[in-house]
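Working notes, structure below.
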Amino acid sequence: VLFEDDAVLAIDKPAGVAVHGGSGVAHGVIEQLRRARPGARFLELVHRLDKETSGILLLAKKRSALVELHRQIREGQTDKRYYLLAHGEIVQGAQVMQLKYPLHKYLLANGERRVRVDPDGLPSHTALRVTKTMKREDAAITLAEAQLKTGRTHQIRVHLQKLGHAILGDDKYGFEDQDKAIKSKRLYLHAHLAGFTHPRTGEKMRIESPLPAEFAAMMKNFE
């Protein structure tokens, strides 16, 4: 638990845990929390994180808080930022890269959800800031911060794939051979910051989650 009061709960979700049950997952974060807190009259996810993504997950403990936070998300009044490790050296000038691609959701034959860049898709926008590039003889990786301007399914993952610098350990949109070569053990995508206005007090909230140990370990391999 990163923050909790009578309206909002913010937790640090580990990688590999689904946020809710369904599609072969019996229990996700929300089901586990409800079971752990039988006295909670209301507990709902404010937004979602992919199963493989770690980091800040917001939940509402009151319906009024959920409605207000959804309004803030819809109107672009929240700040959601992720750290990621990408394959290769992302070259960026002084400016932030504005990645804008229309995204289309579709299903594979086995019912799995996928997303692709498609002219008929919905607009999406990620602001990408390169933090650091690390190289060794056989490979290079880039640590970057992605700020969500829209919240489409798999948005950051597909945007990085389109850029030609897939996120390390991405089994849906990544570079399998390169992941094997550098022994990538997880999806290197972490929701590290959530900014919003508290639905009850009106206070400006800024919740942060430290970079997971696996990120530091991978970066150390390149330094």
Side-chain angles (χ1 to χ4, degrees), residues 1-4 9-36 43 45-59 78-88 90 108 112-115 126 128-129 131-132 134 139 141-148 151-161 163 165-195 207-223:
V1 173
L2 297 169
F3 173 84
E4 183 173 13
L9 171 64
I11 63 165
D12 204 348
K13 185 186 86 66
V17 179
V19 295
H20 56 75
S23 61
V25 179
H27 300 291
V29 170
I30 187 70
E31 290 86 5
Q32 290 176 38
L33 279 171
R34 282 173 182 155
R35 189 179 296 162
L43 197 57
L45 294 164
V46 172
H47 62 102
R48 297 176 180 192
L49 287 179
D50 293 344
K51 181 180 175 182
E52 301 86 0
T53 304
S54 59
I56 300 167
L57 184 66
L58 293 179
L59 297 100
T78 59
D79 188 2
K80 287 164 77 177
R81 302 188 196 194
Y82 295 70
Y83 277 132
L84 61 93
L85 285 174
H87 285 288
I90 301 177
L108 297 180
E112 200 181 320
R113 272 191 317 177
R114 287 290 165 95
V115 177
T126 305
L128 191 74
R129 298 171 186 83
T131 306
K132 189 180 189 183
M134 293 140 280
I141 60 171
T142 298
L143 173 68
E145 183 189 54
Q147 184 178 23
L148 282 183
R152 308 286 177 211
T153 302
H154 300 168
Q155 177 175 313
I156 298 171
R157 297 165 68 175
V158 178
H159 280 187
L160 269 291
Q161 178 198 43
L163 202 60
H165 295 279
I167 297 174
L168 270 61
D170 193 334
D171 62 352
K172 289 184 172 69
Y173 307 103
F175 304 149
E176 197 178 343
D177 294 347
Q178 292 180 36
D179 280 330
K180 275 187 185 149
I182 63 172
K183 299 182 173 63
S184 180
K185 293 282 188 283
R186 60 161 284 182
L187 174 71
Y188 284 81
L189 183 61
H190 178 74
H192 82 96
L193 186 146
I207 295 168
E208 296 185 61
S209 161
L211 211 53
E214 302 99 324
F215 276 70
M218 179 59 77
M219 286 156 68
K220 202 171 175 186
N221 288 340
F222 280 80
E223 287 173 339

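Note that the structure is predicted; figures quoted are calculated from it, not measured.
To the nearest 0.5 Å, atom CD1 of residue Ile207 and atom CD1 of residue Ile11 are 11.5 Å apart. The CG atom of Leu85 lies 5.0 Å from the CD1 atom of Ile141; values are rounded to the nearest 0.5 Å. Rounding to the nearest 0.5 Å places CG of Leu84 at 11.5 Å from CZ of Arg157. Atoms OG1 and NZ, from Thr78 and Lys80 in turn, are 6.0 Å apart once rounded to the nearest 0.5 Å. Distance check, rounded to the nearest 0.5 Å: CD of Glu208 to CD1 of Ile56 gives 7.0 Å. With values rounded to the nearest 0.5 angstrom, Asp170 atom CG is found 8.0 Å from Asp179 atom CG.
Of the candidates Lys185, Arg186, Lys172, Lys172 is the only one forming a salt bridge (Lys or Arg N to Asp or Glu O under 4.0 Å) with Glu52.
Residues Thr53 and Ile156 have side chains not in contact (no heavy-atom distance under 4.5 Å, counting atoms from C-beta outward). Leu33 places a side-chain heavy atom less than 4.5 Å from the side chain of Leu9. Side-chain contact between Leu128 and Leu160 is present, with heavy atoms from C-beta onward closer than 4.5 Å.
Under the 3.5 Å distance criterion, the side-chain polar atoms of His87 are left unmatched by any main-chain donor or acceptor of His165. Judged purely by atom type and a 3.5 angstrom limit, Thr142 uses its side chain to pair as donor or acceptor with the backbone of Ile90. Using modelled atom types, one side-chain atom of His190 and one backbone atom of Pro210 make a donor-acceptor pair closer than 3.5 Å. The backbone N or O of Gly55 sits nowhere less than 3.5 Å from a side-chain atom of Tyr82 that would complete a donor-acceptor pair. In this structure, Arg34 contributes its side chain and Leu43 its backbone to a donor-acceptor pair below 3.5 Å. Put simply, the side chain of Lys13 gets close to the backbone of Lys51: a donor and an acceptor are under 3.5 Å apart.
Using a 4.0 Å cut-off between charged nitrogen and carboxylate oxygen, Glu176 and Lys180 count as a salt-bridge pair.
Taking the six-membered ring where the residue is Trp, Tyr83 and His192 present parallel rings, their angle staying beneath 30° rather than reaching 60°.
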Point to revise | Test log, rule side chain to side chain contact (heavy atoms under 4.5 Å, CB included), inputs Leu57 and Val29 | key: CA-CA 10 Å; Leu57 184 66; Val29 170; 4.0 Å; yes
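Shown here is Glu4, whose CD atom has more than 12 heavy atoms of other residues, nucleotides or ligands within 6.0 Å.
Taking every heavy atom of both residues into account, Ser54 and Ala15 meet most closely at CB-N, 3.7 Å. Minimum heavy-atom separation, Leu168 to Ala86: CD1-C, 3.4 Å. Counting all heavy atoms, side chain and backbone alike, Met218 lies closest to Tyr188 at CE-OH, 3.5 Å. What you find for Leu58 and His47 is that their closest heavy atoms are N-NE2, 3.0 Å.
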